[in-house]
Amino acid sequence: MLDIRCLRQELDATEAALARRGYTLDRARFEQLEARRKELQVRTQELQAERNTRSKGIGQAKARGEDIEPLKAEVGRLGEELKQCETDLHVVQAELDALLMQIPNLPQADVPDGLDESANVEVRREGVPREFEFTPRDHIDLGLPGGWLDFEAAVRVAGARFVVMRGAMARLHRALTQFMLDLHIERHGYQETYVPYLANPESLEGTGQLPKFDEDLFSVNCDQRFRLIPTAEVPLTNLVREQILEAESLPLKMVAHTPCFRSEAGSYGRDVRGLIRQHQFEKVELVQIVRPEASPAALEELLGHAEAVLQALELPYRVMLLSAGDMGFSAARTYDLEVWLPGQDAYREISSCSSFEAFQARRMQARFRPKAGERPELVHTINGSGVAVGRALVALLENHQQADGSIRIPAQLQPYLGGTSVLEPPSEQ
RNA sequence: GGAGAGGUGCCGGAGCGGUCGAACGGGGCGGUCUCGAAAACCGUUGUACUCUCGCGAGUACCGAGGGUUCGAAUCCCUCCCUCUCCGCCA
């Protein structure tokens with residue numbers, strides 16, 4: 001949520017910044033609501049003040065044993081206008097809040113112009129895509145032997161956009177998860193955190209999935225309030241909702257491994273084959289809760305932590321700075337990590353690292369106290385995937401495949417696979 | 001799911017419908033004392049919002065939302081949550 005003062009005091013600049021990301025502010029509506037709010041609030045507070053003093057007077061008169069009936073009649077008339085004003089004010093306030101909740105975050109000044117991914121800027125490349133002495137296969141082919149990756153079985157169990165993994169592939173998937181968790185816990189200083197996979201609407205509003213993007217989420221039948229989390233960002237970030245943190249406790253650095261559930265409404269026909277876009281996938285998520293002045297550096301740091309995963313897995317990637325229009329609703333600045341996929345002959349997103357500044361904190365009322373006795377201030381929130389496990393699996397298969405269909409395991413991952421250096425495909429029967 | 005108890009400020013914990021933003025205790029902050037510290041003592045200490053250039057003034061908030069009343073933390077209704085016991089369950 002934007003600070004309403006952006007709209008009150010710097011309407012032109014705010015409108016322009018929102019336009020950069022393709023959002024058209026309904027300026028007339030805001031100005032009309034705001035004017036009405038002001039009028040009603042001033043009047044309501046006047047009336048309340050008067051009622052308070054008069055009621056107090058009645059109390060004192062009664063204590064002196066005077067006749068209070070005439071006084072009561074007088075205040076009674078005042079009460080009717082007050083009630084009307086309060087009701088109207090509530091309505092206007094609610095409309096104003098609803099409007100505010102629909103407005104996305106402002107992009108940082110140096111975020112590139114542009115309305116979609118074509119305007120994203122490549123920051124740098126790491127690693128060099130390998131030259132294959134044979135025609136590389138994609139992960140779907142590589143996953144065929146022994147039902148390593150079985151999409152048809154998943155259709156029977158659930159439906160499209162799910163997968164069943166077997167044997168070494170399932171273990172590799174688990175190994176990747178464990179490796180990433182350990183890396184962030186032991187080398188990057190994150191606290192391992194276990195969180196609920198269902199979230200209530202308040203939490204989803206806090207991070208920005210609701211009220212606008214409910215169709216992207218799965219709801220639960222038995223309790224209409226719950227949604228399946230689309231990312232661990234939701235539970236992790238909301239751990240500080242409505243909290244006032246001590247300054248010394250910052251930064252908070254948390255990592256969690258969770259499944260993520262996304263309806264993928266509106267992505268029909270995109271990535272229909274394979275593991276790239278699933279209704280259910282695993283992700284290791286990094287979240288930092290920081291003081292405002294620390295947030296730019298913290299985003300760069302967190303980006304480095306995500307990159308460390310790809311480097312350890314010996315995967316070539318590039319870092320993209322997203323254009324204003326390609327960022328998510330709540331983000332002020334986003335870097336995507338795109339990993340090289342030989343099967344697609346393209347770089348594909350495997351991590352997204354964003355700073356939300358105070359946008360989520362304001363929705364969550366997540367604050368910290370700079371010094372004992374001082375007023376609380378909103379924290380900044382930052383998160384990033386470190387990294388998407390399913391896509392990491394794809395990248396590993398496709399980049400480290402060998403001519404015979406076996407998969408080379410990078411040295412740092414080997415301890416998680418009992419020291420195995422090559423995954424041999426099961427022999428076909 | 002059944003039965004019961006309860007939701008008050010940073011924490012504990014009071015609160016006949018009227019000077020209650022809330023006693024009291026703890027904690028925090030500032031000070032006195034001290035070489036320093038502890039103890040003791042004194043003072044202070046919520047959040048959000050509105051109007052105002054500013055000084056300042058005002059409003060709201062005692063789980064949430066309604067209602068009764070001139071006036072509600074206190075009375076009534078609805079909802080939410082937490083805890084205890086039973087049942088069920090990994």
Side-chain angles (χ1 to χ4, degrees), chain A residues 1-10 30-101 194-206 210-211 220-227 235 238-250 259 358 361-379:
Chain A
M1 185 160 70
L2 294 184
D3 189 338
I4 194 164
R5 278 171 291 206
C6 290
L7 294 166
R8 286 189 189 145
Q9 292 161 13
E10 296 158 55
F30 170 75
E31 287 180 317
Q32 178 218 325
L33 282 172
E34 172 62 10
R36 183 114 178 88
R37 186 229 98 222
K38 192 162 170 173
E39 176 195 333
L40 281 168
Q41 185 163 351
V42 169
R43 184 67 187 142
T44 302
Q45 293 189 353
E46 277 173 9
L47 290 169
Q48 285 171 331
E50 190 164 345
R51 178 204 58 195
N52 290 349
T53 46
R54 293 222 198 178
S55 290
K56 216 168 260 184
I58 291 178
Q60 288 164 345
K62 197 177 171 188
R64 288 191 300 265
E66 295 169 12
D67 178 19
I68 58 171
E69 285 310 316
L71 293 170
K72 279 170 69 169
E74 220 176 311
V75 191
R77 282 194 294 279
L78 189 144
E80 289 183 21
E81 188 187 350
L82 176 57
K83 187 169 282 183
Q84 190 59 50
C85 277
E86 282 178 333
T87 311
D88 293 349
L89 180 60
H90 272 142
V91 171
V92 171
Q93 232 11 308
E95 285 177 34
L96 213 44
D97 287 347
L99 178 69
L100 213 54
M101 287 295 275
Y194 176 84
V195 292
Y197 301 158
L198 297 177
N200 59 35
E202 291 77 16
S203 293
L204 289 152
E205 277 170 15
L210 291 183
V220 175
N221 212 10
C222 63
D223 186 330
Q224 299 297 328
R225 291 166 42 82
F226 286 140
R227 309 287 190 283
N238 276 283
L239 288 175
V240 297
R241 199 175 87 232
E242 290 164 33
Q243 301 292 306
I244 299 176
L245 306 163
E246 294 306 323
E248 308 80 64
S249 69
L250 301 179
R362 191 170 293 110
R363 290 173 158 234
M364 294 189 298
Q365 280 304 298
R367 294 165 295 172
F368 75 103
R369 203 178 291 282
K371 266 192 185 146
E374 283 188 12
R375 342 180 56 227
E377 210 180 309
L378 293 169
V379 297

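The chains referred to below are lettered A, B, ... by the order of the sequence lines, with proteins before strands, and numbering in each begins at 1.
In this structure, the side chain of A:R363 engages the main chain of A:E205 through a donor-acceptor pair within 3.5 Å. Between the side chain of A:Q365 and the backbone N or O of A:R362, at least one donor-acceptor pair lies under 3.5 Å. Of the possible polar contacts, none joining the A:N238 side chain to the A:R241 backbone as a donor-acceptor pair under 3.5 Å is found. No donor-acceptor pair closer than 3.5 Å links the side chain of A:S55 to the backbone N or O of A:N52.
Residue contacts for A:L71: at a heavy-atom cut-off of 4.0 Å it reaches no nucleic acid atom on any strand shown.
Considering only side-chain N and O atoms, A:R51 lies nowhere under 4.0 angstrom from the phosphate OP1 or OP2 of B:G18. Close to B:G58, at under 4.0 Å from its OP1 or OP2, lies no side-chain N or O of A:R43. The side chain of A:N52 places no N or O atom within less than 4.0 Å of a non-bridging phosphate oxygen (OP1 or OP2) of B:G71. For B:C51, one of the phosphate oxygens OP1 or OP2 lies less than 4.0 angstrom from a side-chain nitrogen or oxygen of A:K38.
Taking atom CD of A:Q41 as the reference point, atom C1' of B:U52 lies 14 Å away to the nearest angstrom. Atom CD of A:Q60 is separated from atom P of B:C70 by 18 Å (rounded to the nearest Å). One interatomic measurement links the two molecules: CD of A:Q243 to P of B:C10, which rounds to 11 Å at whole-angstrom precision. Atom pair A:R8:CZ and B:C51:C1' shows a separation of 11 Å (rounding to whole Å applied). At whole-Å resolution of the value, CD in A:E86 and P in B:U69 are 15 Å apart. Distance CG (A:L82) to P (B:A72): 10 Å, rounded to an integer number of Å. Rounded to a whole Å, the CG atom of A:D3 is 13 Å from the C1' atom of B:C49. Residue A:L89 contributes atom CG, which lies 15 Å from atom C1' of B:G58 at whole-angstrom precision.
Residue whose closest nucleotide on RNA chain B sits further toward the 5' end, between A:P376 and A:E50: A:P376. Residue A:R5 is the one, among A:V75 and A:R5, whose nearest nucleotide of RNA chain B lies closer to the 5' end (criterion: closest heavy atom).
Across the P atoms, B:C77 and B:U82 are found 23 Å apart, a figure rounded to whole Å. Rounded to a whole angstrom, the distance from the P atom of B:A14 to that of B:C85 is 22 Å. B:G26 sits 16 Å from B:U44 when the C1' atoms are compared, rounded to a whole Å. Comparing B:C20 with B:U34, their P atoms are spaced 39 Å from each other, to the whole Å. Comparing B:C62 with B:G9, their P atoms are spaced 10 Å from each other, to the whole Å. The separation of B:G43 from B:G25, taken at their P atoms, amounts to 12 Å, rounded to a whole angstrom. Rounded to whole Å, the P atom of B:G63 lies 15 Å from the corresponding atom of B:C16. For the C1' atoms, the distance linking B:A60 with B:C55 amounts to 24 Å, nearest Å.
The side chain of A:S55 has B:C70 as its nearest neighbour among B:C70, B:C51, B:G66. Comparing B:A48, B:C49, B:C70 against the side chain of A:I58 picks out B:C70 as the nearest. The side chain of A:A49 sits closest to B:G58 out of B:G58, B:A60, B:U50.
A salt bridge links A:R54 with A:E50: at least one charged nitrogen is closer than 4.0 Å to a carboxylate oxygen. We find that A:R37 and A:E95 are not joined by a salt bridge, their nearest charged nitrogen and carboxylate oxygen being 4.0 Å or further apart. A salt bridge does not link A:E80 to A:K83: none of the charged side-chain nitrogens sits closer than 4.0 Å to a carboxylate oxygen. Salt-bridge formation is detected for the pair A:R8/A:E34: a Lys NZ or Arg NE/NH1/NH2 atom is positioned less than 4.0 Å from an Asp or Glu carboxylate oxygen.
Here A:R367 contributes atom CZ and A:L245 contributes atom CG; the two are 10.0 Å apart, rounded to the nearest 0.5 Å.
Checked by distance alone, A:K62 brings a side-chain donor or acceptor within 3.5 Å of a matching partner on the base of B:G18.
With the 3.5 Å cutoff on both pairing distances, Watson-Crick and G-U pairs in RNA chain B assemble into runs of at least 3 at B:1-7 with B:80-86, B:10-12 with B:24-26, B:27-32 with B:40-45, B:46-51 with B:56-61, B:63-67 with B:75-79.
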